[in-house]
**Student:** 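Let me give you the structure first, and then I'll get to my questions.
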Amino acid sequence: MRISTAIFSIALAGALQPIHAAILPNAEVGIRIPLVQKPSTRPMTVAYIPGLKRYYIADGGLAPMGSEIEAPISKSQIHAYDNEGKYVNSARPGYDNRSIYYNLNSKNLETITYNISSFGGFTPNTGIFSIDLTESGEVKDTSTDIFGFNPAFGDANTMPSYNHEANQYYAKQGRSNKVLMVDLKQREYVREINLDLASAGAAFDDVSDYFVAYTGAKGEELALLDIDHKSVLIFDLSGKYVSKSALPKDLKLRSHNHHNGAGYANDMMFVYHESEGEFGTYYGFKVLK
């Protein structure tokens with residue numbers, strides 16, 4: 001069942017207000033989400049639906065090889081938490097999720113899978129899908145196809161972020177400063193953005209390999225996690241470095257943070273803190289005011 005139009009109309013009205021932001025020199029904790037069960041595969045990205053006041057955390061991992069008794073469907077789950085970070089439910093739509101986000105245009109919770117570009121060869125359940133929810137925002141095991149593979153996304157592991165105003169995606173490329181701007185109507189990327197990491201005092205192996213966030217703030221549109229220097233770097237859409245927001249010095253970021261455990265939702269940068277709690281904790285940091 002899809003969520004009511006009235007709820008989404010309220011969410012859309014709030015989301016379309018102009019954003020004027022200032023970069024916080026020190027990031028502020030907005031929410032903690034302690035995971036209540038072991039991730040089914042690897043915790044990837046985070047989404048938020050304002051009208052339902054629900055956060056969604058997607059796991060990502062390859063599907064098993066198909067056989068006569070088992071279809072090649074990923075065991076990765078999607079988990080729902082409420083506005084205070086309390087667990088709601090989990091479901092297995094069957095995708096190797098890379099990015100999960102709320103699409104204000106389609107009014108759906110959507111996921112982008114591993115290898116959307118088919119760079120690593122064609123695999124089943126590859127592309128963009130909408131995830132079905134109950135009226136109260138619980139995740140269901142069912143989903144709907146939206147779009148198949150598109151080579152414009154580049155790297156098979158990319159975790160694209162979505163700009164609902166321009167209806168475009170920003171796909172960070174591995175081990176580089178490159179971000180590809182993608183329009184689904186085209187099979188080649190619209191533009192290549194080269195992030196000025198040098199001006200930020202960082203190198204490509206200091207930062208998140210596959211994820212860059214779209215913030216929606218004019219002139220401060222792209223946010224990148226700098227793992228080695230414990231900060232969030234802010235760039236504009238030309239790739240020009242603007243400033244940074246420092247993360248807490250005692251936050252322990254590990255090598256997996258280069259490849260997953262990120263996200264941007266509800267105007268917060270999400271970072272997975274593996275060593276806190278039994279199964280790790282997601283922190284939502286406010287970096288823009």
Side-chain angles (χ1 to χ4, degrees), residues 31-49 52 54-67 69-82 84-102 108-116 120 123-134 136-146 156-161 208-211 225 252-265 270-284:
I31 191 171
R32 289 175 61 256
I33 304 179
L35 303 190
V36 300
Q37 63 184 44
K38 184 178 180 180
S40 53
T41 43
R42 296 187 298 168
M44 300 299 293
T45 50
V46 182
Y48 181 72
I49 298 181
L52 294 172
R54 292 285 187 267
Y55 290 94
Y56 299 90
I57 297 174
D59 294 340
L62 289 174
M65 295 295 292
S67 68
I69 59 174
E70 185 176 13
I73 298 175
S74 175
K75 299 182 183 298
S76 298
Q77 294 182 330
I78 296 175
H79 316 275
Y81 289 80
D82 70 13
E84 297 179 350
K86 296 179 180 179
Y87 177 73
V88 176
N89 85 306
S90 300
R92 182 191 171 192
Y95 301 113
D96 179 2
N97 307 288
R98 281 302 178 268
S99 290
I100 190 171
Y101 59 97
Y102 170 53
N108 291 326
L109 180 68
E110 298 180 358
T111 183
I112 300 177
T113 71
Y114 165 75
N115 203 23
I116 184 168
T123 54
N125 293 339
T126 299
I128 303 177
F129 303 86
S130 66
I131 306 301
D132 292 336
L133 305 172
T134 67
S136 59
E138 294 183 359
V139 192
K140 300 172 71 173
D141 290 326
T142 55
S143 59
T144 304
D145 292 13
I146 295 178
N157 288 290
T158 189
M159 301 158 64
S161 57
S208 178
D209 229 10
Y210 304 115
F211 178 75
L225 178 63
K252 295 181 180 178
L253 302 181
R254 307 206 174 168
S255 59
H256 71 79
N257 288 108
H258 287 271
H259 308 295
N260 53 285
Y264 197 89
F270 278 82
V271 179
Y272 181 57
H273 191 199
E274 183 182 8
S275 58
E276 181 176 329
E278 185 176 3
F279 304 116
T281 299
Y282 263 99
Y283 273 83

**Student:** Could you go step by step and tell me if Ile146 and Glu110 meet the side-chain contact (heavy atoms from CB on, under 4.5 Å) rule?
**Tutor:** CA-CA 9 Å; Ile146 295 178; Glu110 298 180 358; 3.4 Å; yes

**Student:** Taking all non-hydrogen atoms of both residues into account, name the closest pair between Ser74 and Gly61 and its distance.
**Tutor:**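 Shortest heavy-atom separation between Ser74 and Gly61 comes out as OG-O, 2.8 Å.
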
**Student:** In Å and rounded to the nearest 0.5 Å, what is the CZ to CD1 distance from Phe129 to Ile112?
**Tutor:** 11.0 Å

**Student:** Which residue pairs pass the side-chain hydrogen bond (donor to acceptor under 3.5 Å, both in side chains) test when at least one of the two sits in residues 38-48, sequence neighbours left out?
**Tutor:** Ser40-Asp59, Thr41-Ser76, Tyr48-Asn83

**Student:** How far apart are the closest heavy atoms of Met159 and His259, and which atoms are they?
**Tutor:** SD-O, 3.4 Å

**Student:** For Tyr210, enumerate each residue passing the side-chain hydrogen bond (donor to acceptor under 3.5 Å, both in side chains) test, keeping only those at least two apart in sequence or located in another chain.
**Tutor:**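 Here no residue qualifies.
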
**Student:** Nearest 0.5 Å please: distance from the OH atom of Tyr101 over to the CG atom of Asn108.
**Tutor:**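 These two atoms lie 9.5 Å from each other.
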
**Student:** Apply the side-chain contact (heavy atoms from CB on, under 4.5 Å) test between Tyr272 and each candidate in Leu253, Thr281, Leu35; give the one that qualifies.
**Tutor:**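 For Tyr272, the side-chain contact (heavy atoms from CB on, under 4.5 Å) check succeeds only for Leu35.
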
**Student:** Sub-3.5 Å donor-acceptor pair from the side chain of Ser99 to the main-chain atoms of Pro160, do we have one?
**Tutor:** yes

**Student:** So, Asp141 side chain and Arg92 main chain: donor-acceptor pair closer than 3.5 Å or not?
**Tutor:** yes

**Student:** Taking Asn97 for the side chain and Tyr95 for the main chain, is one N or O donor matched with an acceptor at less than 3.5 Å?
**Tutor:** yes

**Student:** Going through the distances and angles, do Gln37 and Gln77 end up as a side-chain contact (heavy atoms from CB on, under 4.5 Å)?
**Tutor:** CA-CA 11 Å; Gln37 63 184 44; Gln77 294 182 330; 3.2 Å; yes

**Student:** Side chains of Thr113 and Asn125: does their closest heavy-atom pair fall under 4.5 Å?
**Tutor:** no

**Student:** Phe270 pairs by ring-ring contact (aromatic ring centres under 6.0 Å, His included) with which of Tyr55, Tyr264, Tyr283?
**Tutor:**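 Only one of Tyr55, Tyr264, Tyr283 forms a ring-ring contact (aromatic ring centres under 6.0 Å, His included) with Phe270, namely Tyr55.
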
**Student:** Under the criterion side-chain contact (heavy atoms from CB on, under 4.5 Å), I'd like the reasoning laid out for Val139 against Ile131: C-alpha separation, chi angles, the key distance, then a yes or no.
**Tutor:** CA-CA 7 Å; Val139 192; Ile131 306 301; 3.8 Å; yes

**Student:** Evaluate side-chain contact (heavy atoms from CB on, under 4.5 Å) for Asp82 paired with Arg54, printing each intermediate quantity in order.
**Tutor:** CA-CA 5 Å; Asp82 70 13; Arg54 292 285 187 267; 3.6 Å; yes

**Student:** Within the structure provided, determine whether Leu133 and Glu138 are in side-chain contact (heavy-atom separation under 4.5 Å).
**Tutor:** no

**Student:** As an exercise, state the distance from CE of Met44 to CD1 of Ile78, rounded to the nearest 0.5 Å.
**Tutor:**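 If we round to the nearest 0.5 Å, Met44:CE and Ile78:CD1 are 12.0 Å apart.
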
**Student:** Using 0.5 Å steps for rounding, measure from the CZ atom of Arg98 to the OG1 atom of Thr126.
**Tutor:** 10.5 Å

**Student:** Please report the closest heavy-atom contact between Gly137 and Tyr56, naming both atoms and the distance.
**Tutor:** O-OH, 2.7 Å

**Student:** Please find the pair of heavy atoms, one from Ser90 and one from Tyr87, that lie closest to each other, and give the distance.
**Tutor:** OG-OH, 2.8 Å

**Student:** Rounded to the nearest 0.5 Å, what separation is found between the CD1 atom of Ile116 and the CG atom of Asp96?
**Tutor:** 12.0 Å

**Student:** Mind checking the OH-CZ spacing from Tyr282 to Arg32? Nearest 0.5 Å is all I need.
**Tutor:**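 One gets 14.5 Å once the value is rounded to the nearest 0.5 Å.
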
